[in-house]
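Following: one structure in C-alpha cells, then a few remarks.
Keep in mind the model is a prediction, meaning the values are calculated, not measured. Side chains are part of it too, since the values below use all heavy atoms of this structure and drop only hydrogens, waters and symmetry mates.
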Protein chains: 2
Amino acid sequence: MAATIKDIARRTGLGLATISKYINGGNVLPKNREAIEEAIRALDFKVNETARNLKTRHTGYVGLVMPALTNSFIMQIIQQIQLQLRANGYGTALYCSAPGNEEIRRQTELEAIDFLLQKGVDGIINLPQNEDGVHLLKPLELGIPVTLIDKQIPELADRVSSVMIDNVGAARAATDELLNAGHRNIVAFFHGETNYTGRRRAEGFMDALRQRGYPVDSERVVFMGGLGRGSSVDRIREKLRQYQPTGVFAANSGLTSRVLEALELEDLRVPDNVSVVGFDGVGIEDGRRIKLYSMLQPTEQIGTTAAQIMTEQLHFWAKGEVFPPQVRTLPATLFVGNSIRRI
Amino acid sequence: MAATIKDIARRTGLGLATISKYINGGNVLPKNREAIEEAIRALDFKVNETARNLKTRHTGYVGLVMPALTNSFIMQIIQQIQLQLRANGYGTALYCSAPGNEEIRRQTELEAIDFLLQKGVDGIINLPQNEDGVHLLKPLELGIPVTLIDKQIPELADRVSSVMIDNVGAARAATDELLNAGHRNIVAFFHGETNYTGRRRAEGFMDALRQRGYPVDSERVVFMGGLGRGSSVDRIREKLRQYQPTGVFAANSGLTSRVLEALELEDLRVPDNVSVVGFDGVGIEDGRRIKLYSMLQPTEQIGTTAAQIMTEQLHFWAKGEVFPPQVRTLPATLFVGNSIRRI
DNA sequence: GAAAAAGAACGAAACGTTTCGCTCTTAAAA
DNA sequence: TTTTAAGAGCGAAACGTTTCGTTCTTTTTC
C-alpha cells in the first residue's frame, strides 16, 4: 500500500541501511542523496512510525494527566503544553479525571497512568491528585520521565521535575491587598488540608498577617477538603454568618466561584458588604459591574516550561544520559478589580 | 527487559501462536489456559502494543482536532470525548489550533491532520475550521473514519458522520424569548458569514421573526467574520449606537462575551436598557446579579455520541465492513436568566 | 606510488506481535 | 469399533524499521 523503505531501496538500487541512514540524518553520497530524495518524492514515502517505534522503543507521545476540565486554568495549561509538545514533534495523549470527589479523582489518576503506560508514552506531564506520588512510582521505575505541574511531591523531589507558581508569595500578595485596604476580619478558604497547593497558599495568607503582627485565627483559615459543590457552599455561608468578615480570600478558582455563590445566597454585596480577592480569573469576566481582584497564574509560561522540560528530559534520555530534575517557580500577577472597599 | 509472548511460550512449553490466540480471546485448553495465566502473572506480562500495532496496522489512538481551548463548550466536549474514548480502550491524541484569526486556524487544521496522520491515528474527531472539508480528503482516502462536531460539511455528507445541535431551532427558541417579551428592535450577532453554524443560527433567528410576520432587517443580522476581539467589540458598539436595540441575541459564546463587553463600554445596563440572550452559558456565572438567558448545548451528550459513533465506525472498519455515516441532531436547552425585560 | 585511515554502503538480524496453513488430538457420528 | 469432523496447537513468515559488524571505496599520509 504505502511505500516503504524497501521500495526506496529497490528504486534507487541502494541498500536498506543506507536509506535508513539518510532518513535519520546520516551522511550519504550526494548523488545517492539525490536519488533517495527523488524516490521519496515520487513514491510519496512517509516513514512508518509504528515500525520505527517498535525498534527504538519509544512512541513519540507524551501523556498528559489532568484533573477534570472544569476551569480555565487547566484548559490554558493543556492548550499550551500541547502546542509546545507538538512543536517538538511529540503527540499529546490526553487523559482527564472524570469529575468527582477526591477519592475518585485519585483513583482515576492511577488508572490514567496504567492506561498510558500500556498504550506507551515516552513521558508524563501531570497535575497530581495523589499528593504522595504513588502513582508515579511505576513510570519512574520504567525510566519514564515525569514533570509535575502546580505541585511538588517532596518524596519524589529528586526524581521528578515541577513547574508551579510561588504559591506562598501569591497568597501573601492577595492578602496584602485586603490588609492594605484596612481589612482585619478576613476569612480565607483553601483546598483540602492535604493539598500541597492549599497548604502553601494558607501559609502565604498567614505570613501576610504575621508579618504585620496581626493574630492568626485558625477558625478563619478554612480548609475545604472533600466537600461537594453544594456542601462547600453551605460551609462558606456558615463561616460568613458566623464571623461576618469584611474581607474574603478564595485560594483557587473553584473556591472563588463557590464564594461568589455563597455571597449571592447570603445576599451580601461585593464590595459594599464584603471585599473579595479570588484566584485564576474567576469573577473578572466581561459585563460584570464588579470585577474581583484576582491572582492570575502565568498559564502560558507554565505550560510552555513544563513541555520544554519534558522535551529536554526526553532528549537526554534518548542519549542514555540522566537529566537532573528541574524545579521552576514562576510569579503570579494580580488582576486589579473593584471588589475591595477601603475601610 | 519486559516479558514477551516468547517468554510465556517458553515458560509454558506452548507455541507462540497459542499464546497469541489466548491473548486475543481465542479458545485454549483449560489446563493450558491456566498455565498461561499463571505465567502472565508470574512474569507480569503486558502485550507490547507497538508490536501489535505494527502487525495490525492500527494504533489505538483517535485524533481530536479542535479549535483553541477558549471556551467551556469546547472544553466540555473534549472532556467527554476523551472519557468515552478511553472507556472503549482508545487513546486521545489532542491537537488544538493555536489561537488566531480564521486563516491561521484553517492552516493549523491542515497541519493537525498531517501531524496526526503521520503519527498514526485510527480515526479523527474534528470540530472543523475548514468548512469545505479539504483537510478531510486525505484521511478519507486512507480509509480513516471521520466524525464531525458542531457542523456538517455538505460536500462530504455521504462520507463523514456529524453530531450537532439543532442550530436553527436553538436560535429560534432564543429569539422567541425576546419576541415574547415584546421586543421588536432586535440586533443579532453571528459568526462569520461563511460559517455553517452561524448561518444556521441566523436562519433560526430570521425564521422566528418571519413566523410572526415581522420584517427582517438585514442590517440587524450581523455577521462578524474575520474580526479580532477588539474590532468585533467596536463593531457591536457601532450597531448598538446606530440601531439602539432593546434586545440583543448573541449566537455563540465568544460573541456573548463581546456583547457584554460592548454593553459595558457603552454604559448600557442589562436588562434595563437592553435585554440579552446569549449562548453556551457565558454570563450565567455565580455571583452575577444579572444572569443572561442562554442557549445551552448538551455538551456531554454531544461528546459521548461523537465518541460512540467513532468507536462503532472503528469496529466496523476492523471487520472490513463499511459504516454508513451517521448524522445526529440534538436539542439545545434554554437557561432562564433575568436578562430580559418585558416591554 | 604504496600503506593507512576514513567514509559509505551493505546484508542480516533483530524488535514483539499476528496469522496462515498445517498437523495432531479428541469428540461426535455412523 | 471405525470414520468424520471439529478443535487445539504449532512453526514460520510476515509487518517496516534500526543497527551491528563487515566489506568496499575513497581520500589522506608518508
Side-chain angles (χ1 to χ4, degrees), chain A residues 1-37 39-40 43-61 89 117-120 122 142-143 317-320, chain B residues 1-37 39-40 43-61 89 117-120 122 142-143 317-320:
Chain A
M1 186 91 75
T4 79
I5 224 177
K6 252 183 202 154
D7 299 318
I8 306 285
R10 215 178 345 255
R11 187 178 228 264
T12 56
L14 295 166
L16 252 47
T18 309
I19 313 297
S20 174
K21 195 185 193 188
Y22 166 82
I23 292 175
N24 294 289
N27 270 335
V28 181
L29 249 34
K31 62 163 190 178
N32 290 338
R33 138 167 288 118
E34 274 166 37
I36 295 177
E37 282 167 354
I40 288 183
L43 302 179
D44 189 33
F45 167 81
K46 302 268 162 47
V47 352
N48 179 324
E49 300 267 0
T50 309
R52 171 182 283 176
N53 293 345
L54 176 57
K55 240 349 235 190
T56 61
R57 346 188 62 91
H58 59 12
T59 63
Y61 275 105
L117 248 33
Q118 177 56 28
K119 277 237 120 48
D122 297 344
L142 261 40
W317 182 82
K319 288 186 288 179
Chain B
M1 185 89 79
T4 78
I5 225 179
K6 250 182 203 157
D7 299 319
I8 306 286
R10 217 180 341 259
R11 187 178 229 264
T12 56
L14 295 166
L16 252 48
T18 309
I19 314 297
S20 174
K21 194 184 191 187
Y22 166 82
I23 292 174
N24 293 289
N27 271 334
V28 181
L29 250 34
K31 63 163 189 177
N32 289 338
R33 137 167 289 117
E34 274 166 38
I36 295 176
E37 283 168 352
I40 288 183
L43 303 179
D44 189 33
F45 167 81
K46 301 268 161 50
V47 355
N48 179 323
E49 301 267 359
T50 308
R52 171 182 282 177
N53 293 346
L54 176 58
K55 247 338 241 190
T56 60
R57 347 188 61 90
H58 59 15
T59 63
Y61 275 105
L117 248 31
Q118 178 55 29
K119 278 236 121 48
D122 297 344
L142 262 41
W317 182 82
K319 288 186 287 178

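A:Lys46 comes within 4.0 angstrom of sugar-phosphate atoms only, judged by non-hydrogen atoms across all strands, and of no base. At a threshold of 4.0 angstrom between heavy atoms, the contacts of A:Phe45 are confined to the sugar-phosphate backbone, with no base atom among them.
With distances taken from any side-chain atom of B:Leu14 to the nucleotides D:dC10, C:dG11, C:dT17, the minimum falls on D:dC10. Here C:dT17 is the nucleotide among C:dT17, D:dA8, D:dG16 with the atom lying nearest to any side-chain atom of B:Ile5. Taking every side-chain heavy atom of A:Ala17 into account, C:dC10 is the closest of D:dT17, D:dG16, C:dC10.
Side-chain N/O atoms of B:Asn48 include none lying less than 4.0 angstrom from OP1 or OP2 on C:dC15. A:Thr18 has a side-chain polar atom (N or O) that falls below the 4.0 Å cut-off from OP1 or OP2 of C:dC10. Between A:Arg57 and C:dG16 there is a side-chain N or O to OP1 or OP2 distance below 4.0 Å. Taking only side-chain nitrogens and oxygens, A:Ser20 comes nearer than 4.0 Å to OP1 or OP2 of D:dT18.
A:Asn32 places its CG atom 12 Å from the C1' atom of C:dC10, with the value rounded to the nearest Å. Look at CZ on A:Arg10: it is 19 Å from P on C:dA9, rounded to the nearest Å. Nucleotide C:dT18 holds its C1' atom 16 Å from the CD1 atom of B:Ile8, rounded to whole Å. When rounded to the nearest whole Å, the span between CG of B:Leu54 and P of C:dT18 equals 11 Å. One atom, CG of B:Asn53, and another, P of C:dC15, lie 18 Å apart when rounded to the nearest Å. Atom pair B:Lys21:NZ and D:dC10:C1' shows a separation of 10 Å (rounding to whole Å applied). Put simply, CG on A:Leu16 is 10 Å from P on C:dC10, counting in whole angstrom units. Rounded to whole angstrom, the span from the CG atom of B:Asn24 across to the P atom of D:dG9 amounts to 15 Å.
Taking every heavy atom of both residues into account, A:His58 and A:Trp317 meet most closely at CB-CZ3, 4.3 Å. Heavy atoms only, all atoms of each residue included: B:Ala39 and B:Arg11 are closest at CB-CD, 3.7 Å.
Positionally, the nearest nucleotide of DNA chain D for B:Asn27 lies more toward the 5' end than for the other of B:Ala51 and B:Asn27.
The OG1 atom of A:Thr59 sits 13.0 Å away from the CZ atom of A:Arg52 when rounded to the nearest 0.5 Å. Between B:Asn53 atom CG and A:Asn53 atom CG the span is 9.0 Å, to the nearest 0.5 Å.
Side-chain N/O atoms of A:Lys55 and base N/O atoms of C:dA14 include a donor-acceptor pair closer than 3.5 Å.
Each of A:Leu14, A:Asn32, A:Val28 was compared with A:Ile19 under the side-chain contact (heavy atoms from CB on, under 4.5 Å) criterion, and only A:Leu14 meets it.
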